[in-house]
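Beneath this line is the structure, given in structure tokens, with notes to follow.
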There are 2 protein chains.
Amino acid sequence: MDRHAQERLQQMLEKLKRRRFRITPQRLAVLEILVESDFHPSVETIFAQVRKRFPTTSLATVYKTVGLLKEMHEVLELGFHDAGNRYDARKPFPHPHVICTSCGRIRDPELSGLQELAEEMGRKTGFTIVTHRLDFYGVCPECREKTDARGD
Amino acid sequence: MDRHAQERLQQMLEKLKRRRFRITPQRLAVLEILVESDFHPSVETIFAQVRKRFPTTSLATVYKTVGLLKEMHEVLELGFHDAGNRYDARKPFPHPHVICTSCGRIRDPELSGLQELAEEMGRKTGFTIVTHRLDFYGVCPECREKTDARGD
DNA sequence: GTTAATGCAAACGTTTTGCACGGAA
DNA sequence: TTCCGTGCAAAACGTTTGCATTAAC
């Protein structure tokens, strides 16, 4: 586990304890998998990983823990209407994503100036902007190579 | 119906005819409601409107027509994992949206430079960027006023 | 007359819920 | 000992599908 993952894990554990939520083995496993993943796992992915350590774990438990973290703003939910949602506990605040439509991989690109854009939107529309979401969709280098090789 | 709505309607009708799809009364009604709406209607909203003219219309028919238009790139689908999808047939290409989390209203703000941003993302990540989506979430002026009046 | 669209109901995939049991504090 | 979390199954939700009937062309 890298340094950032450890920090995030501690932050989340402390927040849970402060609010008198219990640290169960299943819950801890979900947290650990979340902070270790830099590929924005889905609930199904988390579920499969947790099952390796605790084979009786149910999907509902994973959903409940992830939902709790979302409520506490300790995880960023990337909702998709046509697929399972994905979660980012390493950077639990709005930031842009690049999504491969072929393999489903999600990356965090470097990009600044979005906050300023949000403020500009607020001025122009009169809305009080609270959050935002920016996703780019395309094909990652790996998938493009495979596609090229097949001659599609 | 404003000029843009009429243009869009004609474009869609011609495209349908060219591909030998049939122009049924229900289908025409869906198209008309889509091009007249600048509030990004949901399927349920379209359905309710179509029902006023053709009371036997089914939800499935609306879904099928909207799906057909989506395939033909004549409508932009804004998918939401926690609510019904919304549709934009007036500007059927990626553009930013401002969404009121209180009343669900969706507006099209002026904003340029996103295409350039997409190209920058492509360069930085190696992805072939095909499309994107940018949503700002906040509270619209009308809802803020109501909230202020109630003292929430 | 052909063939595609409609309308109904059943199926779908993901997420949420209700509830009895088990375990963290 | 308390009562929150778990795990199961059922429900919920928007959406899609299969199929017989209807209607556009």
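This one's a predicted model, so the numbers in the text were calculated from it and none came from an experiment. Letters go in sequence order (proteins before strands), and every chain restarts at 1.
- B:His81 and A:Asp82 are not linked by any side-chain donor-acceptor pair at a separation below 3.5 angstrom, with hydrogens and angles left out of the test.
- Against DNA chain D, the stretch residues 31-48 of chain A makes no heavy-atom approach under 4.0 Å.
- Between B:Glu32 and B:Arg53 there is a salt bridge, since a side-chain N of the basic residue sits under 4.0 Å from a carboxylate O of the acidic one.
- Contacts between residues 59-72 of chain B and DNA chain D, defined by a heavy-atom separation under 4.0 Å, are made by B:Ala60, B:Tyr63, B:Lys64.
- In this structure, B:Arg19 atom CZ and C:dA5 atom P are separated by 13 Å, rounded to whole Å.
- The two residues A:Arg144 and B:Phe127 make their nearest non-hydrogen contact at NH1-C, 3.8 Å.
- Salt bridge status for A:Lys124 with B:Glu110: absent, with no side-chain N to carboxylate O gap under 4.0 Å.
- Less than 4.0 Å separates DNA chain D from at least one heavy atom of each of the following residues of residues 49-57 of chain A: A:Thr56, A:Thr57.
- Using a cutoff of 4.0 Å between basic side-chain nitrogens and carboxylate oxygens, A:Arg90 and A:Asp2 are scored as salt-bridged.
- The heavy-atom pair separating A:Cys143 from A:Cys100 by the smallest distance is SG-SG, 3.8 Å.
- Checked for salt-bridge contact, A:Asp135 and A:Arg133 meet the test: a charged N lies under 4.0 Å from a carboxylate O.
- When all heavy atoms of B:Ala118 and B:Ile129 are compared, the pair lying nearest together is O-CG1, 3.6 Å.
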Below 3.5 Å between N/O atoms, which protein atoms pair up with nucleotides 21-25 of chain D? Just atom names and distances, please.
from: D:dA24; atom 1: N3; to: B:Arg22; atom 2: NH1; distance (Å): 3.2
from: D:dC25; atom 1: OP1; to: B:Ile23; atom 2: N; distance (Å): 3.0

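- For B:Arg105 and B:Glu142, the salt-bridge test passes: some basic side-chain N is under 4.0 Å from an acidic carboxylate O.
- Note on ring orientation: taking the six-membered ring where Trp is involved, the planes of B:Phe80 and B:Tyr137 are perpendicular (angle over 60°, cut-offs 30° and 60°).
- Classification of A:Arg8 and A:Glu74 as a salt-bridged pair holds, one side-chain N sitting under 4.0 Å from a carboxylate O.
- Whole-Å rounding puts the A:Arg27 CZ to C:dA24 P distance at 12 Å.
- Checked by atom type and distance alone, the side chain of A:Arg27 never pairs as donor or acceptor with a backbone atom of A:Val62 at under 3.5 Å.
- No hydrogens or angles considered: nothing links the side chains of A:Arg3 and A:Gln6 as a donor-acceptor pair under 3.5 Å.
- Using a 4.0 Å cutoff on non-hydrogen atoms, no part of residues 73-84 of chain B comes near DNA chain C.
- Pairing each heavy atom of A:Cys140 with each of A:Cys103, the nearest pair is SG-SG, 3.9 Å.
- B:Thr125 contributes no side-chain N or O that, together with a main-chain N or O of A:Pro109, makes up a donor-acceptor pair within less than 3.5 Å.
- Nearest heavy atom pair, residue A:Ser58 against residue A:Phe47, reads C-CE1, 3.5 Å.
- Among the protein residues, A:Arg20 comes within range of no part of the nucleic acid, since none of its heavy atoms lies under 4.0 Å from any strand.
- When all heavy atoms of B:Leu9 and B:Val35 are compared, the closest pair comes out as N-CG1, 3.9 Å.
- Between the CZ atom of A:Arg86 and the P atom of C:dT15 there is a distance of 11 Å, rounded to whole Å.
- One axis for each end of the helix from C:dG1-D:dC25 to C:dA25-D:dT1, each built from five base pairs, and the angle between them comes to 30° at 10° resolution.
- At least one donor-acceptor pair closer than 3.5 Å links the side chain of B:Thr57 to the backbone N or O of B:Phe54.
- OP1 and OP2 of C:dT14 both lie 4.0 Å or more from every side-chain N or O belonging to A:Asn85.
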